[in-house]
Amino acid sequence: MLDLRLIRERTEWVKQELSKVGCLPEEVDAVLAEDARRRALLQKVEALRARRSEISRMIPKLGPEDQEIRKEEVRNLGSTLVSLEAELAQVEKQLESKLLLLPNLPDPSVPLGRDERDNQIIRTVGEPPHYSFQPRPHWELGPALGIIDFERGVKIAGSRFYILQGWGARLQRALITWMLDVHTKEHGYTEIYPPYLVKRECLVGAGQLPRFADNIYHDAEDDLWLIGTAEIPLTNLHRDEILEASQLPLSYVAYTACFRREKMSAGRDVRGIKRGHQFDKVEMYKLTAPEDSSAALEQIVADAEDIARRLGLAYRVVLICTGDLGAVAAKKYDIEVWAPGCGEWLEVSSCSNCTDYQARRSNIRFRRASGRKPEFVHTLNGSGLALPRIMIALLETYQQADGSVIVPEVLRPYVDADRIVPPT
RNA sequence: GGAGAGGUGGCCGAGAGGUCGAAGGCGCACGCCUGCUAAGCGUGUGUAGGGCUAAAACUCUACCGAGGGUUCGAAUCCCUCCCUCUCCGCCA
């Protein structure tokens with residue numbers, strides 16, 4: 001959510017900035033129109049209320065017959081108030097729903113662009129490996145090794161579900177534990193285990209609603225929503241709180257399952273485990289003072305890269321252009337790892353500086369010093385990393401001619417094996 | 001799920017229809033005093049949205065779990081819901 005005052009005072013600039021992320025100037029005008037209506041109504045309503053309490057306060061001091069006259073007067077005031085207040089509530093609702101639909105302002109350092117083709121590759125780290133044989137995709141390797149079972153996943157839960165088994169399940173669990181260990185012990189994050197089902201207002205706070213309702217699993221009976229990312233509960237951890245400046249920055253890391261309906265991606269990436277309805281992810285999250293968020297974004301990217309690098313994977317860092325930025329982020333980097341079997345760069349992390357967009361929606365503030373006005377914090381998130389695609393990259397990168405897969409050095413204490421071999 | 005108790009400012013805690021944004025205390029901030037990381041004294045200390053301002057000051061409105069209702073007037077009375085605690089039941 002944007003600052004309404006900013007929209008009022010720097011209208012043309014806001015329109016210009018939002019046009020970069022595909023938001024029409026008319027949407028800004030619509031917000032301003034509601035805002036003007038709201039303020040006009042509010043002034044009327046408040047003047048009436050002030051008059052009403054003024055008279056009410058003097059009633060007990062009057063004689064009986066004067067009291068009756070005044071009571072009648074206030075009754076009349078009250079009935080006009082009722083209708084004006086209803087109108088005001090209506091306008092406020094309109095204003096809020098329009099305001100919630102405006103995307104975040106892009107950071108000045110974000111390159112202009114229309115879509116993902118205009119994203120910029122910032123750096124590529126590590127060499128895509130070469131093989132003396134034709135590397136196989138993970139959807140062949142997994143079943144051959146007896147570690148991924150597609151058919152039974154579909155039998156149990158339908159398409160886009162799969163089962164990890166034996167060393168596959170163990171490898172994923174090892175990855176999760178190792179990543180959490182690195183982030184908590186070396187990168188300074190505090191581990192969180194959050195709920196996977198959250199209330200509707202959490203989705204609004206994180207910016208998933210009202211825009212992206214299609215992609216979220218929803219339990220209608222209790223109005224609980226399955227999280228598509230740990231970013232959602234983490235954003236809401238400090239909702240409606242005023243933090244002390246000394247608490248910032250806060251750094252959290254959470255491992256969760258994530259659930260996505262993938263309605264928008266029907267037919268895309270249906271092969272393998274690249275895009276399932278349920279997947280696991282380790283997510284980093286930071287809350288900072290506004291002036292610290294730019295540096296914090298670079299830090300989150302560095303923390304995510306550290307994981308990819310220590311796993312020995314070839315990866316690249318991509319700076320997302322304005323047209324591909326989405327509604328919430330002011331600036332975003334993706335990290336993509338090379339998967340030699342399926343021959344593509346896979347997005348394993350998306351790191352965003354959301355500036356005050358989520359903080360405003362979620363009402364997360366901090367106070368620089370006692371007596372000072374509270375200010376909105378900046379929030380940042382980044383995957384560190386997404387499990388299925390890291391599994392893909394590992395299996396495909398470390399496959400051997402004999403069909404076995406080498407376990408990367410850093411994971412061996414966690415997997416308790418240095419190689420995964422096909423069943424005999 | 002059943003029975004009971006309760007939800008008030010950063011925290012504790014009064015208030016039980018009429019200047020109550022809310023006593024008192026703790027905490028915090030500033031000042032004074034005191035030569036010795038103690039004590040004392042004084043002052044201040046919620047949030048949001050309007051109006052007026054260059055900005056303040058100032059002023060208005062709302063908020064005592066949430067939403068309705070009664071009333072000239074509700075933190076105070078009534079209804080519904082949510083949450084917490086205790087006991088019982090059930091359960092990984």
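All values below come from the heavy atoms of this structure, side chains included, with hydrogens, waters and symmetry mates left out. Because the structure is a prediction, the values reported are computed rather than measured.
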Inset, instruction - Look through every strand shown and name the nucleotide pairing with B/G21 as Watson-Crick or G-U wobble, where both distances are under 3.5 Å. - result: none
Inset, instruction - Searching all strands shown, indicate the nucleotide that pairs with B/G9 (Watson-Crick or G-U wobble; both distances under 3.5 Å). - result: none
Legend entry - Separation of the C1' atoms in B/G18 and B/C77, to the nearest angstrom: 15 Å
Inset, instruction - With a 3.5 angstrom cut-off on both distances, give the Watson-Crick or G-U wobble partner of B/G67, or none if there isn't one. - result: B/C79
Inset, instruction - Could you give the distance separating B/G73 and B/C63 at their P atoms, to the nearest angstrom? - result: 13 Å
Inset, instruction - Side chain of A/Arg49 only, please: which of B/G51, B/A62, B/U47 is the nearest? - result: B/A62
Legend entry - Distance in angstrom units between A/Glu201 CD and B/C82 P, rounded: 14 Å
Inset, instruction - Could you tell me the separation between the CZ atom of A/Arg367 and the C1' atom of B/G10, rounded to a whole number of Å? - result: 9 Å
Inset, instruction - May I ask you to evaluate whether A/Lys373 reaches the phosphate of B/A48, defined as a side-chain N or O under 4.0 Å from OP1 or OP2? - result: yes
Inset, instruction - Using the C1' atoms only, state how far B/C26 lies from B/G9, rounded to an integer number of Å. - result: 13 Å
Legend entry - Check: A/His378/A/Tyr357 side-chain N/O donor and acceptor closer than 3.5 Å: no
Legend entry - Carboxylate-amine/guanidinium contact A/Glu46 A/Arg49, below 4.0 Å: no
Legend entry - Distance in angstrom units between A/Leu4 CG and B/A48 C1', rounded: 13 Å
Legend entry - Watson-Crick/G-U partner (both atom distances under 3.5 Å) of B/G73: none
Legend entry - C1' gap between B/C81 and B/A57, integer Å: 44 Å
Legend entry - Non-hydrogen atoms of A/Arg271 and A/Trp139 that approach each other most closely: CZ-NE1, 3.1 Å
Every protein N/O within reach of nucleotides 68-77 of chain B N/O, cut-off under 3.5 Å:
unit_1, atom_1, unit_2, atom_2, d
B/C72, OP1, A/Arg75, NH1, 2.4
B/C72, OP2, A/Arg75, NH1, 3.3
B/C72, O2', A/Ser56, OG, 3.1
B/G73, O4', A/Ser56, OG, 3.2

Legend entry - Identity of whatever pairs with B/U53 - Watson-Crick or G-U, under 3.5 angstrom: none
Legend entry - Whole-angstrom distance between B/U70 and B/A14, as gauged at atom C1': 26 Å
Legend entry - Distance, C1' atom - from B/C32 to B/A39, rounded to whole angstrom: 14 Å
Inset, instruction - Inspect the contact between A/Glu54 and A/Arg57 and indicate whether a charged nitrogen and a carboxylate oxygen are less than 4.0 angstrom apart. - result: no
Legend entry - Presence of A/Ser53 side-chain N/O under 4.0 Å of B/U61 phosphate oxygens OP1/OP2: yes
Inset, instruction - Take A/Val45 and A/Leu42, find for each the nucleotide of RNA chain B with the closest heavy atom, and name the residue whose nucleotide sits nearer the 5' end. - result: A/Leu42
Inset, instruction - Could you tell me whether A/Glu409 atom CD has more than 12 heavy atoms of other residues or ligands within 6.0 Å of it? - result: no
Legend entry - Residues A/Arg200, A/Asp223: salt bridge by 4.0 Å N-O rule: yes
Inset, instruction - Sticking with atom C1', work out how far B/C12 lies from B/G67, rounded to a whole angstrom. - result: 28 Å
Legend entry - Between B/G49 (P) and A/Arg38 (CZ): distance, integer Å: 8 Å
Legend entry - B/G42 pairs with, by Watson-Crick or G-U criteria that keep both distances under 3.5 Å: B/C30
Legend entry - Side chain of A/Ala50 - closest among B/A48, B/C60, B/G50: B/C60
Inset, instruction - Under 4.0 Å between any heavy atoms, over every strand shown, what does A/Arg360 touch: base, sugar-phosphate, or nothing? Just pick one. - result: nothing
Inset, instruction - Specify the separation, in whole Å, of atom CD1 of A/Ile242 and atom P of B/C11. - result: 11 Å
Inset, instruction - Using a 4.0 Å heavy-atom cut-off across all strands, classify A/Arg51 as base, sugar-phosphate, or nothing. - result: nothing
Inset, instruction - Whole angstrom is fine here: how far is it from CG in A/Leu99 over to C1' in B/G49? - result: 14 Å
Legend entry - Assigned partner base of B/A48, Watson-Crick or wobble definition, under 3.5 Å: B/U61
Legend entry - NZ/NE/NH1/NH2 to OD/OE distance under 4.0 Å, A/Glu375 and A/Arg368: yes
Inset, instruction - By nearest nucleotide on RNA chain B, pick out whichever of A/Lys61 and A/Arg365 is the more 5' one. - result: A/Lys61
Legend entry - SB check A/Glu96 A/Lys93 (cutoff 4.0 Å): no
Legend entry - d(CD, A/Glu9; C1', B/U53) in whole Å: 13 Å
Inset, instruction - Report yes or no: is the cationic atom of A/Lys286 (NZ for Lys, CZ for Arg) under 6.0 Å from the centre of the six-membered ring of A/Tyr189, at an angle within 45° of the ring normal? - result: yes
Inset, instruction - Indicate, yes or no, whether a donor-acceptor pair under 3.5 Å links the base of B/G51 to the side chain of A/Glu46. - result: no
Legend entry - Between B/U8 and B/C64 - P atom distance, rounded Å: 12 Å
Inset, instruction - May I ask which nucleotide in the shown strands pairs with B/C85, Watson-Crick or G-U wobble, both distances under 3.5 Å? - result: B/G4
Inset, instruction - In whole angstrom, give the distance that lies between atom NZ of A/Lys199 and atom P of B/C81. - result: 17 Å
Inset, instruction - Go through the side-chain N and O atoms of A/Ser19 and A/Gln16 and say whether any donor and acceptor fall under 3.5 Å apart. - result: no
